[in-house]
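Some notes on the structure that comes next.
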Amino acid sequence: MRLRRLSSVPALPVRSLKPALIAGGMLALVAGWSPAQAAPAIDDAGAKALAASLKKDLPRWFPPPSEDGEGVGFEWQGEPTVKPAGDHYDVALPRLSAEDAEGTLFDIGTVLLSVTPKDDGQYGVAITLPSSMKVQNLDENDEYVDAAIISIGKQSLTSVWSGTLETLLAVDGAYNDITVSAADGKGKVSIASMTMVQELKPEAGAGGATLWSGPAAFAFGNLSVQDDKNKELVKIGSVTTEATYTRVDLTKVSALQKLSEQAAARGVPPTPAELLPKMQGMFGGITGAMRMSNLSFVNPEDGTTVALGQLAFRSGLTDLDQAMSTVSMGIEARDFVMTPSPAPVAFTPRAFEMKLSVAKLPNTALWKAFTELAKTAEAEEAPPKKGAKAKAAPPPPPSSEVVMQQAMAAMAEAGTELRIDALNLDTPATAGTANGALKVATQAAFGVTGGATVLLRGIDAAVKAMQPAPGAKPDKETQDLLGGLAMIQALGQAGKDESGADTRTYKIDVTEAGQLLLNGADMTPLLAGGAEPAPAPAEPPKKKK
């Protein structure tokens with residue numbers, strides 16, 4: 001089973017968070033069972049109905065290997081068993097295994113469920129995974145051999161599942177002492193703790209629709225990776241991923257899921273005409289963040305070590321169901337140390353922060369453009385119909401160039417901006433900040449106007465400190481660094497900050513006429529291959545009093 005990278009923007013809460021292997025998907029198996037509004041009685045008849053539903057839906061939710069051998073195929077051995085147990089049903093699913101396209105086999109075993117019917121088609125579902133699972137690979141004789149053992153210590157996962165919406169509304173899970181150990185004892189990945197939570201709550205939407213909003217989070221602590229000599233190569237103190245879903249229309253999410261299932265069953269991907277109407281207005285926004293702390297890495301080949309105190313990523317889509325939306329992203333890192341250092345320690349970054357956003361995006365116009373581009377791409381890929389009459393053919397969609405021009409015009413009218421909300425860099429010798437914005441302008445030579453201001457501190461002091469002693473000659477590395485710093489000095493406007501320290505300011509402007517100005521000097525000739533930038537305009541003479 002292929003491992004997927006964590007995304008800084010978590011996906012929509014589609015069916016499950018998949019908290020551990022296949023656990024999340026098990027929640028969907030009760031979706032079609034007993035859709036009554038009031039919670040049904042716990043009895044033998046209900047157990048029989050639930051068992052029949054599970055038997056029917058297991059192959060649908062966890063399909064066998066495909067004919068082309070792509071993806072992950074699942075194999076169930078036996079039938080599910082369901083027994084009434086007071087206020088819930090005890091469920092034992094058939095023994096399960098999964099195989100990926102590379103021939104890696106996951107012998108998962110028997111997953112246990114505790115299913116508690118609630119009102120309004122909701123269910124409380126607790127999941128217990130096997131405490132030990134095997135991972136096997138094919139050897140040169142096409143025989144399966146043990147490759148690794150997955151072990152789980154203490155575990156707990158409870159949730160609330162909506163059978164009507166086929167969506168996980170709430171989850172509270174915790175796992176401890178998770179290890180993936182090589183079968184021969186050479187190499188291990190261990191995680192001390194892993195937790196996950198989600199809680200979506202309804203709120204009234206337009207036209208009587210019910211929308212859902214709420215937070216979700218996933219975290220693990222003390223990850224360690226050891227090589228075949230049991231030497232620790234990677235260590236991470238903690239990783240936390242958080243998301244907030246805003247005004248999600250779970251009815252549309254469910255419709256999109258069903259469309260995907262139908263397309264998969266017929267082996268043909270859904271067309272833009274089928275897909276896009278179900279996607280429009282699906283949610284108001286999603287914001288997410290991932291933070292990692294106390295990271296350390298060791299290169300086993302040369303012993304190079306890298307340590308990072310904190311690394312954080314942030315991203316968001318907000319107000320997608322309003323007239324204008326905002327897209328944002330950011331990254332932050334602190335306490336970076338690399339041994340041996342590839343650069344002088346005085347200029348090695350110890351803190352870095354960047355926050356960017358695109359604001360005032362006209363949603364209706366951009367959705368229309370996106371739809372037209374999808375139709376254009378589909379029309380270009382479709383083979384011509386033989387024997388079709390030209391007069392009966394529908395008019396072709398506009399070209400991608402026309403669509404992009406329309407989209408740019410809409411963004412110019414809305415005042416769409418690309419913003420540098422923050423850009424900060426700190427080293428022991430120097431520090432720098434930047435902020436600014438570019439606004440879409442169709443009449444401008446570059447399609448945008450605006451600019452940014454960069455402020456550097458410590459450059460002058462650093463150059464002075466790096467000057468060799470009288471009569472001494474600097475080494476090549478120092479000489480090259482001094483040359484680069486001297487050029488940066490020359491391009492900046494000298495000044496002082498509030499503490500009296502020397503600063504260099506770089507005011508960058510992109511004009512409507514297509515000029516790139518640096519502190520008023522036109523840099524366009526230099527960028528085009530010219531020898532010298534145009535001089536900055538002279539200040540008017542001051543009037544004598």
Side-chain angles (χ1 to χ4, degrees), residues 3-10 175-180 187-196 216-244 287-316 328-357 420-435 454-459 462 477 481 484-485:
L3 296 177
R4 297 182 179 178
R5 298 189 182 191
L6 289 173
S7 173
S8 59
V9 180
Y175 296 83
N176 296 95
D177 301 324
I178 304 167
T179 61
V180 182
K188 182 174 70 172
V189 178
S190 62
I191 299 175
S193 63
M194 184 171 68
T195 60
M196 61 215 69
F218 171 85
F220 63 80
N222 294 328
L223 177 143
S224 173
V225 179
Q226 298 178 359
D227 65 7
D228 55 1
K229 297 179 181 179
N230 294 324
K231 181 180 179 180
E232 190 171 59
L233 301 180
V234 179
K235 185 176 181 180
I236 302 178
S238 66
V239 175
T240 302
T241 302
E242 299 174 336
T244 299
T287 58
M290 183 177 73
R291 292 186 296 273
M292 295 185 283
S293 65
N294 299 325
L295 293 80
S296 63
F297 307 88
V298 178
N299 186 331
E301 296 181 359
D302 58 11
T304 299
T305 62
V306 177
L308 194 59
Q310 180 171 309
L311 179 64
F313 301 93
R314 295 179 177 84
S315 58
S328 61
M329 63 83 64
I331 181 174
E332 180 182 354
R334 292 205 308 264
D335 303 325
F336 172 80
V337 177
M338 185 172 179
T339 307
S341 177
V345 175
F347 295 95
T348 300
R350 58 188 178 188
F352 173 75
E353 179 187 26
M354 179 177 66
K355 294 180 181 179
L356 304 176
S357 63
I420 303 175
D421 298 310
L423 183 57
N424 302 311
L425 178 65
D426 179 51
T427 74
T430 62
T433 63
N435 59 75
V454 180
L455 180 66
L456 298 182
R457 297 179 177 86
I459 292 292
E477 181 181 352
L481 183 58
L485 291 176

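Model, not experiment: these values are computed from the prediction. Each residue takes its place number in the sequence, starting with 1.
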Check: Out of curiosity, R457 CZ to T430 OG1, how far, rounded to the nearest 0.5 Å?
Finding: 11.0 Å

Check: Which atom names give the shortest non-hydrogen contact between G221 and I191, and what distance separates them?
Finding: O-CG2, 3.8 Å

Note to self: Quick check for you: to the nearest 0.5 Å, what is the distance between D426 atom CG and T433 atom OG1?
What the structure shows: 11.0 Å

Checklist line | Over all atoms of both residues, closest heavy-atom pair of L425 and P349 | finding: CD1-CB, 3.8 Å

Notebook entry, point to check: So do L223 and V225 actually touch side chain to side chain, heavy atoms under 4.5 Å?
Noted result: yes

Next item on the list: Using the salt bridge (Lys or Arg N to Asp or Glu O under 4.0 Å) rule, take R291 and E332 through it: C-alpha gap first, then chi angles, then the decisive distance, then the call.
Entry: CA-CA 9 Å; R291 292 186 296 273; E332 180 182 354; over 6 Å; no

Item checked: side chain to side chain donor-acceptor pair (under 3.5 Å) against Q226, all qualifying residues, sequence neighbours excluded -> none

Next item on the list: Report the distance from atom CG of D228 to atom NZ of K188, rounding to the nearest 0.5 Å.
Entry: 14.5 Å

Note to self: Are S328 and R314 packed together at the side-chain level, in the sense that at least one heavy-atom pair is separated by less than 4.5 angstrom?
What the structure shows: no

Notebook entry, point to check: Which atom names give the shortest non-hydrogen contact between R334 and L308, and what distance separates them?
Noted result: O-CD1, 3.3 Å

Check: Do F336 and V306 come close enough that some side-chain heavy atom pair is under 4.5 Å?
Finding: yes

Next item on the list: Could you tell me whether the side chain of D335 reaches within less than 4.5 Å of the side chain of Q310, counting heavy atoms only?
Entry: no

Next item on the list: Drop me the distance from I178's CD1 to N222's CG, to the nearest 0.5 angstrom.
Entry: 12.0 Å

Notebook entry, point to check: Where the side chain of T427 meets the backbone of A346, is there a donor-acceptor pair that is under 3.5 Å apart?
Noted result: yes

Item checked: Flag side-chain contact, heavy atom, 4.5 Å: I420 against L356 -> yes

Check: Are any non-hydrogen side-chain atoms of M329 and F313 less than 4.5 angstrom apart?
Finding: no

Notebook entry, point to check: Do F352 and I331 touch side chain to side chain, with heavy atoms closer than 4.5 Å?
Noted result: yes

Margin query: Which residues pass the side-chain contact (heavy atoms from CB on, under 4.5 Å) test with S238, not counting sequence neighbours?
Written below: S293

Next item on the list: Can you measure from CD1 (I236) to CG (L295) and round to the nearest 0.5 angstrom?
Entry: 4.5 Å

Item checked: Set of residues satisfying salt bridge (Lys or Arg N to Asp or Glu O under 4.0 Å) with respect to E353, sequence neighbours excluded -> K355

Check: Would you call E232 and V298 a side-chain contact if the rule is heavy atoms closer than 4.5 Å?
Finding: no

Checklist line | Criterion side chain to side chain contact (heavy atoms under 4.5 Å, CB included) on T304 and M338, from CA distance to verdict | finding: CA-CA 7 Å; T304 299; M338 185 172 179; 3.7 Å; yes

Checklist line | Distance in Å, F297 CZ paired with L233 CG, rounded so as to fall on 0.5 Å steps | finding: 11.0 Å

